Amino acid sequence: MSNRKTINEKIEAAKIEKQQAEARIKKLLQEQKSQERKDRNHRLCRRGGKLEKLFPELALLTEEQFETFVEKCLRTNHTRRILAELAPPESVQAVNNTAVEIGEDTATQSVKSVAQHSGSVGGRPAEAARVAV
């Protein structure tokens with residue numbers, strides 16, 4: 001009977017150890033998420049500060065105006081090419097895959113938009129599409 005009790009005690013002790021390990025894992029995951037948030041906030045503040053340093057007038061814009069400014073400046077194919085040159089290839093591929101999952105990529109939309117709205121460049125419609133890419 002005492003052997004059986006010892007086994008039951010071992011089972012209970014193992015369950016307690018398991019709960020403690022799960023609690024440690026949960027706490028570590030929370031710490032990891034907290035650190036990732038802090039790192040992201042720090043990065044965003046640094047980068048936003050650099051933007052305002054380069055363009056002090058950005059501080060005078062409303063949130064909507066700032067968003068419009070950023071979108072018009074950064075959502076161009078020229079900017080995407082520069083980013084593709086600077087960013088690691090796997091991150092660019094991940095962004096491209098996300099764009100494909102959502103629908104047409106921005107480059108395709110831009111080419112269609114330029115071709116539709118500008119008509120032709122230099123009398124050649126194909127040139128308009130080439131300029132946009």
Side-chain angles (χ1 to χ4, degrees):
M1 189 79 148
S2 65
N3 190 22
R4 202 171 195 48
K5 197 173 192 183
T6 306
I7 292 175
N8 286 339
E9 287 174 355
K10 288 180 181 179
I11 291 172
E12 287 303 315
K15 286 181 181 179
I16 290 172
E17 287 178 27
K18 178 183 174 187
Q19 290 172 344
Q20 290 173 343
E22 288 173 350
R24 280 193 304 270
I25 290 171
K26 184 176 179 181
K27 183 179 178 185
L28 289 171
L29 288 172
Q30 288 173 343
E31 288 176 17
Q32 182 183 30
K33 286 180 183 179
S34 175
Q35 187 61 47
E36 288 171 356
R37 278 193 307 273
K38 287 177 184 179
D39 292 345
R40 179 177 184 270
N41 285 339
H42 184 67
R43 184 180 69 250
L44 291 173
C45 290
R46 269 193 348 257
R47 292 178 180 186
K50 287 178 184 178
L51 267 177
E52 281 194 11
K53 183 178 177 182
L54 293 171
F55 302 101
E57 45 285 329
L58 288 177
L60 305 173
L61 299 180
T62 65
E63 290 299 315
E64 187 176 304
Q65 291 170 327
F66 177 77
E67 187 174 332
T68 301
F69 170 79
V70 169
E71 285 184 8
K72 286 185 176 185
C73 290
L74 300 179
R75 291 194 179 258
T76 65
N77 291 320
H78 178 69
T79 303
R80 290 187 186 279
R81 283 192 301 271
I82 293 170
L83 184 58
E85 291 173 8
L86 297 174
E90 59 275 1
S91 65
V92 173
Q93 184 62 38
V95 170
N96 289 340
N97 290 342
T98 302
V100 169
E101 289 170 9
I102 294 170
E104 291 183 314
D105 66 351
T106 305
T108 304
Q109 291 174 1
S110 297
V111 169
K112 287 182 179 179
S113 176
V114 169
Q116 288 171 352
H117 296 294
S118 67
S120 64
V121 175
R124 294 175 295 214
E127 189 69 24
R130 218 175 313 126
V131 169
V133 177

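Just so you know, these numbers come straight off a predicted model, no measurement behind them.
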Within the 4.5 Å heavy-atom criterion, are [X] and [Y] side-chain neighbours or not?
X: Arg37; Y: Arg40; result: no
X: Lys38; Y: Asn41; result: no
X: Phe55; Y: Leu61; result: no
X: Asn77; Y: Arg81; result: yes
X: Thr6; Y: Lys10; result: yes
X: Ser34; Y: Gln30; result: no

Between [atom1] of [X] and [atom2] of [Y], what distance do you get to the nearest 0.5 Å?
X: Glu17; Y: Arg24; atom1: CD; atom2: CZ; answer: 8.5 Å
X: Glu85; Y: Leu83; atom1: CD; atom2: CG; answer: 9.5 Å
X: Leu28; Y: Gln32; atom1: CG; atom2: CD; answer: 8.5 Å
X: Leu60; Y: Glu52; atom1: CG; atom2: CD; answer: 9.0 Å
X: Ile25; Y: Glu22; atom1: CD1; atom2: CD; answer: 7.0 Å

- prompt: Asp39 and Gln35: side-chain donor and acceptor closer than 3.5 Å?
  reply: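 Judged by distance alone, the side chains do pair up.
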message: To check you understand the geometry: which heavy-atom pair defines the closest contact between Leu51 and Leu58, and what is its length?
response: O-CD1, 3.8 Å
task: Using atom types as modelled and distance alone, determine if a side-chain donor or acceptor of Thr68 lies under 3.5 Å from a backbone N or O of Glu64.
output: yes
query: Are there more than 12 heavy atoms of other residues, nucleotides or ligands under 6.0 Å from atom CD of Glu63?
result: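 No, the 6.0 Å shell around CD holds no more than 12 heavy atoms from other groups.
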query: Is Leu74 reachable from Ile82 through a run of hydrophobic residues whose side-chain heavy atoms are each under 4.5 Å from the next?
result: no
query: Do Leu54 and Val70 share a hydrophobic cluster, counting only Ile, Leu, Val, Met, Phe, Trp and Tyr and linking them when any side-chain heavy atoms are less than 4.5 Å apart?
result: yes
